[in-house]
Each structure stands twice: as structure tokens, then as C-alpha cells.
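Below: the structure, in C-alpha cells.
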Amino acid sequence: MLRLTNVEAGYGALRVLKGISLHVSQGEIVAIIGANGAGKTTLLKSIAGILQPRSGTILFDKQDLRGLPPDRIVQLGCSMVPEGRHVFPTMTVKENLILGAYSCRGKGQTREAVKASMDEVCRLFDILKEREHQLAGTLSGGQQQMLAIARALMSKPRLLMMDEPSLGVAPLVVRDIYRTITTLKRDGLTILLVEQNARAALAVADRGYVIETGQIVLEGTSRELSDNREVQRAYLGKEYERIDE
Amino acid sequence: MSRNALYNPACEALPRDELEQLQIERLQSTLNRVYRSVAFYRTAFDANCVNLEKIRDLRAMRDLPFTTRDDLLRSYPYDMFAVPLRDIVRIHQGFAIAGTPVVVGYTRNDLRNWTECAARVLTAGGITEHDVVQIALDYGLLPGAPGFQQGAELIGASVIPASMTASMSRQIAIMKDFKTTALITTPSHALNIAAGLEEMGVHPERLQLRLALFGGERWSDELQKRIEEKLHVIAIDTYGLTAIMGPGVAGECRQRCGLHINEDHFIVEVIDPTSLEPLGPGCEGELVLTTITKEGFPLIRYRTGDITSVNSEPCACGRTLARMTRVSRRTDDLIFFHGVGFFPVQIEKILYEVEGLSPHYQIILDRQGDVDTLEIKVEVLEDIPSLDEIKTLEILRNQVARRIKTVLNLDAKVTFAEPKSLRSDSGAIPRVLDRRPG
């Protein structure tokens, strides 16, 4: 579904991605794990069209995404949940959700269709239905994260990219978010997940890539990555199993 | 399972474009890893001015330096491991060449991938969970026997680790009493077993044997046919080597038109062994393998010394994995005898250490009945001594034979020849005479 080959990207003189190749197949959850500054967010931004890669190809369903504006990429079915949520704090939950369907206007998205999508995402997160008239800025961190996911789903994506969904939310909420990710996968959504929380990501992902200083240094199934001692030391913490309990 | 069963269809029948994407991803991550953690590769890449970021597709592989067997020997024992020893869960060793063996370490993931690769090869050959698999291979430090065993167990077959050291009558008794349906051994040992059956008066039809898989030796189509006739089995070829993984690199499917290479774990190239230039599909040359999933002991462009050709046309069995032709020759003078590989120079070294022998010798491989024989003919320094000294000569001969057995694990018959008697008309001694048919 998504295929990157030799993608290079950066900011000014700074080269962040140094030739990244990876793929995500239909129906998979793929995790990108790596330390802070390894290039994870830059990678997602390059796919989403927020940052123009310097070279390489990004194919989404055989179509090259390079050079396309972000809204066009969303229309093609590739949505992103940004790091730190970025919900619109002074708008209500409902308004935030309607905005999520914005880029799909004129694509046969009728008012009824938007309403139907909203019902659908609210079924997934019942808390949002309860608080649809509340200002987004007054939600808790975890609820804002749910809203950000729900908003991304409003454009009816086939590929959902999530940047650090567990960042800055309480451990219990992390569990809820990851339960949602599992549900979305079961419903047939393909997910590319970027995480520093390798343990949580590998628990739901089918496969993963480890990124270090802008290069992929390891690829494999989640089980393989979890069994890799280097991954255990660097990303899972020595006593990660005890934490799990 | 049907005749054309695939152990892992998702990987073995992957469309070629998806396979190539997977290969480049895995190649790039392997290269980044070896550059960071294997001093040998960091030095080799830097010395050859390799910019890893320029390795953008599989064609760019030709810019990477080769790894040779000598490199591996120099790394003895652990210098080319890419992970610390505490991450290694298994260590195997290949046969020693010039006294130094190749040492290979496997991480937990390596073991799992290896086991699956072996299971794929066994499934392609026709082994199912209903089989009783007798493994008549040397259970030592070599990865052959355990590799096949793990794969067969993963499939769910019943495995008998009979090993090669069991006496022939015991081997055959196991085969008969345990109702063995599939035999895994070397071609030469299969012939030994066939000879044993004849000797013991056991007709192959009284056995349940239906399938035999072979590895560890080069063999020919003729030999394959002979084994099939003698043992009343279908004989399947497999390919593997210690440095790369052990068994599980490639194996024939029931179409028997080449050995499918597990390309999601290995990138295969064929090169001209002289110019070292890559050769196209179907061209015969030296097989070069790159591991792309191994963590413990990854190898980049390893020159196997085996001569073959590779064809990536789709196969009737449904696999999209490329096929290599049976390896029938080598680029060097490595000799295989009863599953043990050795170089003439190793024999030379042993002879050199024994007083009274000249450096002029000849290695003669032959087949008596169906059993391979190895004879080392050496010229003595002085004229063959008189009769009363024959006893001394006998002691000397035993000493040489014992030394060859100890160092190389070869059962060789040693004979002495008069000085200058081995030379041909041109004055040169043909170092190796391989008279084994097929």
C-alpha cells in the first residue's frame, strides 16, 4: 500500500533522513521505533507532504506522493495524527471533527455523509459523543488524543499515520489508545505508527523498523524486534517485562 | 498437504516487485548494521570508498566488496560477529580448512529464521507432518543435522536423529523398525545404505521409505537417478553452507527444475569468478550470497566457490523465489568425500610433517560397488625398502592414515609408491583423480 525507497529529507543544511526504504502492506500495523531525533517525525511529515523529500520515491497505492500538497494526500486516503495532538482548542469537539472531513469536500462528501462518519467515529470513542459541545482545549490530554485520532478518521483514510500517540498521556489512557488502534486494525485500517514507547507499539504492530540517525538499522516482525537483544537494551529497558506487569 | 505445498506462501510466492522492495529494505538495514558493528566491514567499505547511502537498488550491490572464505578464517573465532556474544544463543562450526574452521553464531531470531528456512526447503521437497524423518548426517559442530532436524520438527514430522556414526546395520534396522519414510543424508552415504541393504538382503520395498533429501555434497543427475533406483525413493537436492546459515538456503521443489533460494533472507548473485563481474540470469558462474536477515553473523557478497546459474522465471509450483541449478563444480579444488570437504593442500601439509615421505602425492577418489573410496598415494623419499623393513613402512602408513583421520576426519587408504613413479609423461603429477562415476 505504501512504499518508500531511498527517501532523503532534512531541514536546510541538516540531513535528517539518509535513504529510508520501507513498506506498509494493506491491513498491517507497522511501527517505526527510534530515539528522539532519529528522524521518525520527519519521516511522517515527508509522507504527509508537509515536508518535501530531497530524493527517493514515496508510492501510495502505486501513486507517487512527492510534490503533492498535504490536502491532496489526505484526499487520496492517507491521514496523519500529529504529535502533541494539535486539536483546535477554542473549537468544540464537534467542530474539530467536522474540520477533519474538510479536505474531502466536493469529493461527493454530502452533509449526510459527514454526519454518518461522525456517528461512526463517536461509536469508537463514546467519550467524544458525550462531550461533543465541549471546547477541545478543556479536554484532558488523553481525550484530546482520542479527538485527534477521531478527526483524522473523519476523512475516511485507508492509511492512518500516528505520531507518538502515547506521548504525554497517562499510562491507563495509553492502554485505551492502543486498544483503539487494535480495533481500527480489525476494521481493516492500515496503520503506520511512530513511537518512542517501543513496548506499546510492538505489542500491537505486525512489523517494525528501527531507525537510528536517519537510517533503518533493523527490520522485522514485532516478535523479532522484541526478541532482539539490542532493541531490548536500547528501547525496551532492561526490565521491561516487569514494567509490563 | 498437497504435493506442491508451500510452508509459507506469503513469503515464498511474494510478487517479484514486493520481494525486491523487501530485499532492498533488508539489505540497507543490514549494511547500516554491519558498518556500525563489524570492524571488518567498516574497514572494507571505507577502503573501497563505499557510500552506503548510494546503495539505492539491488544493481548497486556490485559496488560492495566481496567477503571471501579467507576473510572468515582470519576472523576466527568471533571477529565477524555483529552482536555481542551474550546475544548469541547457538554456535556452529564448519569443517576446518588449513586447520582453521569457520565459526558461526546465531541469535534467537537467527535460529527461528533458520528453522523456518529449513522447514520451507523440507516442505518443498515433499516432507509433511506425517513423515518419519531419519537424519543420517554427522551430529557434531556442523549445522547440517541440527538444521534439518529443527525444520522437520517445525513441520511436525517425527524426527529420528540417527546420525551418520551409527553402524550400517543399526542404521538400516532403525529404517526398517521405525518405519522411516524420509531419509536425509549425503549422496555418498545413501549409496552406503543401499549397499548395506543389499548385503543384509533387505529389499527396499520392505521399507516405508519414499523420499530422500540430500545436502553436503555435490552430485550429478546420474547419481540422483541411481539413488532413486537403488532405494526406490524420490531424491531431492538441497543447498546450504555453514557460513551462510546451514541447510535451508535453497532446495528443490517437486517440479525438480532447480533449487528455490529463500530470497527473502538471501540476495543471490552469480559472478564471473575471474573478472568478478556480475553475470545475467541463466549464465553459469560463481554463486555469491548476501544475508539480509541475519543478526549474529551477517555476510555481504560472500563468494561461495560453488558454480551454478540462477533463473527467476516463475515456477509451476507457485513459488516466485528464483531457482539455482544443481551445484556440480567449484571454482577451487575443494573435494567432498563422505560429507567432509577438504583441500588437497591440507593432505599435503600432513604428508609434509611425516619424515621419509616426499611432497609428491596423488589423491584418488573412486567408487567400489556403491561406496566411495579415498586413496592417498605418496612417493617415499628412498627406494621402497626391502622386505624386513616392511613393518616399519606399515607403521609409517598407519601413522599417516591416523593423522588424516584426526585432522580431517577422513578415512583414507594410504599407499606408498616408489620415487618418481607418480609422474606422468609430462612430468607433472595429476594431484586429484576423481574416478567416481557421475
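All values reported here derive from a predicted model rather than from experimental measurement. Below, chain A is the first sequence line, B the second, and so on; all start at residue 1.
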Check R33(B) against L218(A) and note the closest heavy-atom contact, atom names and distance.
NH1-CD1, 3.2 Å
Go through the side-chain N and O atoms of S21(A) and Q28(B) and say whether any donor and acceptor fall under 3.5 Å apart.
yes
Heavy atoms of other groups near R66(A) CZ, more than 12 under 6.0 Å
yes
Nearest 0.5 Å, please: how far is CG in L22(B) from CD in E219(A)?
5.5 Å
Counting only heavy atoms from other residues, nucleotides and ligands, does the tally under 6.0 Å from NZ of K45(A) exceed 12?
no
Do you know the tightest heavy-atom contact between N32(B) and V217(A)?
CB-CG1, 4.0 Å
Let me confirm one number: the CG-CG distance from N109(B) to L225(A), rounded to the nearest 0.5 Å.
8.0 Å
Check the pair D87(B), R233(A) against side chain to side chain contact (heavy atoms under 4.5 Å, CB included), reporting the backbone distance first and the verdict last.
CA-CA 11 Å; D87(B) 295 1; R233(A) 283 189 290 268; 2.8 Å; yes
For a quick test of reading the model, state the closest non-hydrogen atom pair linking E295(B) to N228(A) and the distance between them.
OE2-ND2, 3.0 Å
In this structure, OG of S226(A) is separated from CZ of R108(B) (nearest 0.5 Å) by 12.0 Å
Are side-chain heavy atoms of K18(A) and L52(B) found at a separation under 4.5 Å?
no
Is chain A contacted by the side chain of R112(B), its backbone, both, or neither, given a heavy-atom distance below 4.5 Å?
side chain
Taking all heavy atoms of E25(B) and all of L22(A), pick out the closest pair and write down the distance.
OE2-C, 2.7 Å
Name the region of D17(B), side chain, backbone, both or neither, that has any atom closer than 4.5 Å to a heavy atom of chain A.
both
Side-chain contact test, heavy atoms from C-beta onward, threshold under 4.5 Å: evaluate it for V83(B) versus R229(A) and give yes or no.
no
Less than 4.5 Å apart, any side-chain heavy atom of I24(B) and any of H23(A)?
no
Looking only at the side chains, is there a donor atom on one of E53(B) and N6(A) sitting less than 3.5 Å from an acceptor on the other?
no
Are R56(B) and E8(A) within salt-bridge range, i.e. N to O under 4.0 Å?
yes
Are R36(B) and E212(A) within salt-bridge range, i.e. N to O under 4.0 Å?
yes
Choice from V210(A), I20(A), I216(A) maximising heavy atom contacts with chain B below 4.5 Å:
I216(A)
Could you walk me through whether R3(A) and E18(B) satisfy the side chain to side chain contact (heavy atoms under 4.5 Å, CB included) test, starting with their C-alpha distance in whole Å, then the side-chain angles of each, then the deciding distance to 0.1 Å, before giving a yes or no?
CA-CA 9 Å; R3(A) 192 183 286 191; E18(B) 287 178 36; 3.4 Å; yes
From L111(B) CG over to D227(A) CG, what is the distance, rounded to the nearest 0.5 angstrom?
11.0 Å
